[in-house]
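Before any comments, here is the structure.
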There are 2 protein chains.
Amino acid sequence: MSRSGADLALLLLGGFRSLVDAATAELARRGYEDVRPVHDFAMRAIAAGADSASELGRRLSVSKQAAAKTIAVLQEHGYVERDTDLLDARRKRLRVTPLGFEVLRQGEAIFDELRDQWERQIGSEELANLERHLTALVGARPIRLNAPGWIAQDLGEPV
Amino acid sequence: MSRSGADLALLLLGGFRSLVDAATAELARRGYEDVRPVHDFAMRAIAAGADSASELGRRLSVSKQAAAKTIAVLQEHGYVERDTDLLDARRKRLRVTPLGFEVLRQGEAIFDELRDQWERQIGSEELANLERHLTALVGARPIRLNAPGWIAQDLGEPV
DNA sequence: GCAAATTAGACAACAAGGTTGTCCTTGTCC
DNA sequence: GGACAAGGACAACCTTGTTGTCTAATTTGC
């Protein structure tokens, strides 16, 4: 029963949304409401060294204005802070706060737990295979999480 | 090298976006510009029997207002038509036009071609495995394509 | 057979995450 | 020192959603 290409695409999306919706819901259940995948993704990039709005934009393949908006939200939530750069007066240096790191840490734990569930379901070897092949197919192409609007707005049941 | 759960999610998204961006770009190259995945998805549902805005909303797990907006766009493009229902004066019956079916047909062909590429890359058996496992994991849960905003706005290279 | 409840659809206001464009300020380079 | 590049702020707008409210038509229940 060879599936169609469109089915394949839907399947991949379904997998992604399963994980992400579950993770977002669980994060909300733990008290971190209003954390969306975009935020997690952005914080990760900041923590990894994207310490200015422009740089963050570049890393996420998004305009610097869009990055600035995301940063504003993260700042409101207290997940990142901005202070002026002493070396370059144009920049505002970004810093993930302890609270932000806490979210990051918990998010990671949740995702890992979900991955473990999958592993138990189809077997560790098969999951590794799946990841390996997907990696080969997607290649090194940067993944744009962000497109206008989107991703995990309504949440299903908690994990 | 056991990957993290977050990586897995990103990998799935990456796969999806690879396929969809390529398909959208190729469709645009063939002259069907401004066709987005949402449209394809919606037309498929209409063709499959969701012949009113409310019903379409239900099938796509989306509010009927959102469905109505999508329909309005499809109608503008000439991909679907609406005429009044003789049996129920409240309804407007939806119909996919020949042009709409043409898009559907070409979209399917493109997706199948992409799937074939993947098959050649990792082997038919492996791809079947991947699909099988993903199906098991995602389960019968309905997949919501739609979340505010999104999905394939900017396009990479044509196929 | 008629009132009450449901359903279809229209319209409006708003949210989230993007986009472009313009502008000012601060660094960098020759 | 003057031209250009880069960071960031602000504004207007797009797309795809969301609620909420309203009217008209159909069903259901007594």
Side-chain angles (χ1 to χ4, degrees), chain A residues 13 17 20-21 24 33-42 46 50-77 80 82-94 144-155, chain B residues 13 17 20-21 24 33-42 46 50-77 80 82-94 144-155:
Chain A
L13 177 62
R17 288 200 60 115
V20 159
D21 287 359
T24 311
E33 305 198 17
D34 289 331
V35 179
R36 288 153 189 265
V38 199
H39 301 152
D40 187 273
F41 202 62
I46 294 169
D51 71 335
S52 75
S54 297
E55 179 56 26
L56 182 60
R58 261 175 251 126
R59 300 253 189 135
L60 301 182
S61 306
V62 133
S63 65
K64 61 182 178 178
Q65 292 89 334
K69 284 194 200 177
T70 304
I71 291 167
V73 175
L74 288 172
Q75 201 175 3
E76 268 173 39
H77 286 289
V80 311
R82 301 191 318 158
D83 34 31
T84 54
D85 189 324
L86 299 175
L87 301 173
D88 187 338
R90 291 171 305 179
R91 294 181 98 121
K92 301 269 174 81
R93 282 190 49 233
L94 297 173
R144 284 200 58 195
L145 212 191
N146 305 333
W150 106 282
I151 261 185
Q153 135 150 329
D154 67 307
L155 317 167
Chain B
L13 177 62
R17 288 201 59 115
V20 159
D21 287 358
T24 311
E33 305 198 17
D34 290 330
V35 179
R36 288 152 190 267
V38 199
H39 301 153
D40 186 274
F41 202 62
I46 294 168
D51 71 336
S52 73
S54 298
E55 178 56 25
L56 182 60
R58 261 174 252 124
R59 300 255 189 135
L60 301 182
S61 306
V62 133
S63 66
K64 63 181 177 178
Q65 292 89 335
K69 285 191 198 179
T70 304
I71 292 167
V73 174
L74 289 172
Q75 200 175 2
E76 268 173 41
H77 286 289
V80 311
R82 300 190 320 159
D83 34 31
T84 54
D85 189 324
L86 299 175
L87 301 173
D88 187 339
R90 293 170 305 177
R91 295 180 98 121
K92 303 269 173 80
R93 281 190 51 233
L94 298 173
R144 285 198 57 195
L145 212 192
N146 304 333
W150 106 287
I151 259 181
Q153 136 150 330
D154 67 308
L155 316 167

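Per chain, numbering begins at 1; letters A, B, ... match sequence-line order.
Side-chain nitrogen and oxygen atoms of A:Ser63 include none within less than 4.0 Å of the OP1 or OP2 phosphate oxygen of C:dT20. For A:Ser54 and D:dG8, the shortest distance from a side-chain N or O to OP1 or OP2 is below 4.0 Å.
In the interface, the side chain of A:Lys64 is paired with the base of D:dG8 through a donor and an acceptor atom under 3.5 Å apart. Not a single donor-acceptor contact under 3.5 angstrom links the side-chain atoms of A:Gln65 to the base of D:dG7.
When heavy atoms are screened at a 4.0 angstrom cut-off, A:Arg82 is found touching the sugar-phosphate backbone but no base atom. Note on B:Lys69: a base of the nucleic acid sits closer than 4.0 angstrom, heavy atoms only. Here A:Ala68 lies out of heavy-atom contact (under 4.0 Å) with every strand.
Both B:His39 and A:Arg58 sit near DNA chain D, but only A:Arg58 has its closest nucleotide nearer the 5' end.
Distance from the side chain of B:Arg36 is smallest to D:dT15 among C:dG18, C:dG9, D:dT15. Candidate nucleotides C:dG17, D:dA9, D:dT18 were compared by shortest atom distance to the side chain of A:Val38, and C:dG17 ranks first.
Closest heavy-atom contact between B:Ala67 and B:Val62: N-CG1, 3.8 Å. Across every non-hydrogen atom of A:Thr24 and A:Val35, the tightest pair is CG2-O, 3.3 Å. In plain terms, the two heavy atoms of B:Leu94 and B:Ala53 that are nearest each other are CD1-N, 4.1 Å.
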Could you write out each protein N or O paired with an N or O of nucleotides 27-30 of chain C at a distance under 3.5 Å?
{"from": "C:dG27", "atom 1": "OP1", "to": "A:Ala89", "atom 2": "N", "distance (Å)": "2.4"}

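D:dA5 atom P lies 19 Å from atom CD of A:Glu55, rounded to whole Å.
Stems are defined here as 3 or more consecutive Watson-Crick or G-U wobble pairs with pairing distances under 3.5 Å; those involving DNA chain C are C:1-30 with D:1-30.
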